[in-house]
**Student:** 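This is the structure I want to talk about, given as structure tokens.
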Amino acid sequence: MAHQEIPLSRPSITRMEEELVLRAMRSGRLSMGAMTEEFERLVAAEAGCRHGVAVSSGTCGLHLVLRGLGIGPGDEVITTPFSFVASANSILYVGAKPVFVDICPKSLNMDPSRVEAAIGPRTRAILAVEAFGNPMHMDAYASIAASREIPLIEDSCEALGTSFKGRRCGGFGRAGVFGFYANKQITTGEGGMIVTDDERLADACRSMRNQGRPASQGGHGTGSWLQHERLGYNYRLTEIAAAMGVAQMRRLPDLIEERRRVANAYVERLMAVPELVLPTVVEQASMSWFVFVVRLAAGFTRDERDRIIRGMRNHDVGSADYFPCIHLQAFYRERFGHKEGDFPIAESVAERTLALPFFVDLTQREIDLVCQTLEVMISRERLVRS
Ligand SMILES: *Cc1c(COP(=O)(O)O)cnc(C)c1O
């Protein structure tokens with residue numbers, strides 16, 4: 001995409017990232033070294049979990065957790081249609097079937113009563129997502145999973161640093177997964193992390209990320225480098241990326257605080273716009289904002305929303321349709337016969353949401369400009385209508 005005056009997202013990189021990356025490059029060890037171990041410790045601690053397993057993306061992390069739990073062909077995994085496509089794709093990678101359930105219009109996460117109702121004899125896991133970082137219902141999914149004796153997997157790729165009722169995201173289920181793509185709360189360019197208290201699962205994931213080598217074999221040169229005890233992959237993270245992650249983790253509290261400042265400024269500025277539904281955050285949540293997504297009021301159409309997004313972009317302001325429903329992606333329609341109307345709440349929300357520019361260096365002046373542009377685009381739609 002061409003240069004935008006106010007982009008949708010922009011990473012925050014300081015001298016500390018540069019210095020640690022240099023140190024990693026000069027260390028002579030470019031994979032599976034001290035930086036990776038330190039990064040794993042920091043992220044696991046943030047999620048309140050015993051083990052962290054660094055991988056090359058959030059998507060890889062989800063794949064390994066599903067395989068590590070033995071989920072495969074013939075199995076079903078309950079998940080949300082309102083997420084980034086990787087949540088459901090990871091279920092397809094292991095040959096299992098994603099069973100979607102509709103969302104709660106307030107949290108935009110799966111409606112817990114529908115999760116309960118969707119559990120059948122083939123259900124092997126619940127894969128939950130904190131949409132846009134919102135942790136609501138995670139405790140409910142955890143207790144449903146516990147009572148049905150199936151694992152809860154948390155796709156926490158949008159929720160690093162969020163907590164709910166005093167519990168940290170990533171730590172609600174058997175395993176959680178974070179992603180570190182450039183628009184996330186912290187970034188390593190590309191990267192991900194599995195967190196869990198389950199040592200066997202952590203070991204299985206460590207082995208699978210490293211071509212199926214024994215989990216105990218962290219690095220090179222011990223003589224068993226060419227022993228492969230299971231089918232594995234190369235999902236390792238580089239030391240260079242891990243170094244960036246260590247610096248970003250040290251800054252996490254500041255990054256979260258800055259994101260909160262921007263979110264609050266948007267809320268303040270847009271609260272009184274009657275055409276908009278703003279994100280709701282429940283009281284028991286401590287929010288680590290991933291993106292700032294507003295919803296046009298009921299009655300707005302997808303075409304109107306799309307015109308508003310295009311109008312914003314024409315005015316050099318980033319905007320995007322986070323997220324189109326997964327079940328309506330061409331691939332899912334074809335494979336599972338999904339169609340419009342299957343998950344009406346998710347669909348109705350998905351056609352009216354739009355993401356606004358959101359990153360830590362966003363200034364008050366830029367926030368004002370974004371909001372002004374949005375308001376102009378909305379009133380233009382009102383004029384077209386009448
Ligand atoms: C970002 C994200 C992922 C993983 O993304 P990667 O690009 O593979 O790191 C997975 N699920 C959700 C919900 C995400 O937002």
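Being a predicted model, the structure only gives us computed values, none of them experimental. Just the heavy atoms: all of them, side chains too, but no hydrogens, waters or symmetry mates, feed the values below. Order of listing sets the numbers, starting from 1, for every ligand and every atom in it. Heads up: numbering here begins at 1 and tracks the sequence.
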**Student:** Is ligand 1 less than 4.0 angstrom away from at least one heavy atom of Ser83?
**Tutor:**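 It does, in that a heavy atom of Ser83 comes within the 4.0 Å cut-off of ligand 1.
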
**Student:** Can you pull out the closest protein heavy atom to atom 7 (O) of ligand 1? Residue, atom name and distance to 0.1 Å, please.
**Tutor:**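 Of every protein heavy atom, Tyr181 CB, 4.0 Å lies nearest to atom 7 (O) of ligand 1.
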
**Student:** Under 4.0 Å from a heavy atom of Ser87: give me the atoms of ligand 1 that qualify, with their elements.
**Tutor:** 11 (N), 13 (C)

**Student:** Around Glu199, counting heavy atoms of other residues, nucleotides and ligands shown, do more than 12 lie under 6.0 Å from its CD?
**Tutor:**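 Incorrect, the count does not exceed 12.
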
**Student:** Starting from atom 8 (O) of ligand 1, what is the nearest protein heavy atom, named by residue and atom, and what distance separates them?
**Tutor:** Thr59 OG1, 2.4 Å

**Student:** Quick one: nearest non-hydrogen protein atom to atom 15 (O) of ligand 1, plus distance?
**Tutor:** Glu158 OE2, 2.6 Å

**Student:** May I ask you to decide whether Glu304 forms a salt bridge with Arg352, counting only side-chain N to carboxylate O separations under 4.0 Å?
**Tutor:** no

**Student:** Pick, from Ala88, Gly58, Ser56, the option with the minimum heavy-atom distance to atom 9 (O) of ligand 1.
**Tutor:**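 Among Ala88, Gly58, Ser56, the closest heavy atom to atom 9 (O) of ligand 1 belongs to Gly58.
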
**Student:** Closest by any non-hydrogen atom to atom 10 (C) of ligand 1: pick that one out of Ala159, Cys157, Gly192.
**Tutor:**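 Nearest option to atom 10 (C) of ligand 1, by heavy atoms: Cys157.
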
**Student:** Between Phe323 and Phe132, what is the ring plane arrangement, given parallel below 30°, perpendicular above 60°, and tilted in between?
**Tutor:** parallel

**Student:** Quick one: does ligand 1 sit under 4.0 Å from the side chain of Asp155, the backbone, both or neither, non-hydrogen atoms only?
**Tutor:** side chain

**Student:** Do the rings of His338 and Phe336 sit parallel, tilted or perpendicular, given the 30° and 60° boundaries?
**Tutor:** tilted

**Student:** Taking the inter-plane angle between the rings of Phe39 and Phe180 on a 0 to 90° scale, is it parallel (under 30°), tilted (30 to 60°) or perpendicular (over 60°)?
**Tutor:**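 Aromatic pair Phe39/Phe180 classed tilted.
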
**Student:** Give yes if a backbone or side-chain nitrogen or oxygen of Lys184 is under 3.5 Å from a nitrogen or oxygen of ligand 1, and no if not.
**Tutor:**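 N/O-N/O distance under 3.5 Å: yes.
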
**Student:** Val129 heavy atoms, cut-off 4.0 Å: which ligand 1 atoms fall inside?
**Tutor:** 13 (C)

**Student:** Does the plane of the ring in His327 sit parallel, tilted or perpendicular to the ring in Phe100? Use 30° and 60° as the thresholds.
**Tutor:**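 Tilted, since the angle between the ring planes falls between 30° and 60°.
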
**Student:** State, without any angle test, whether Ser113 and Asp111 hold a side-chain donor-acceptor pair at a distance under 3.5 Å.
**Tutor:** yes

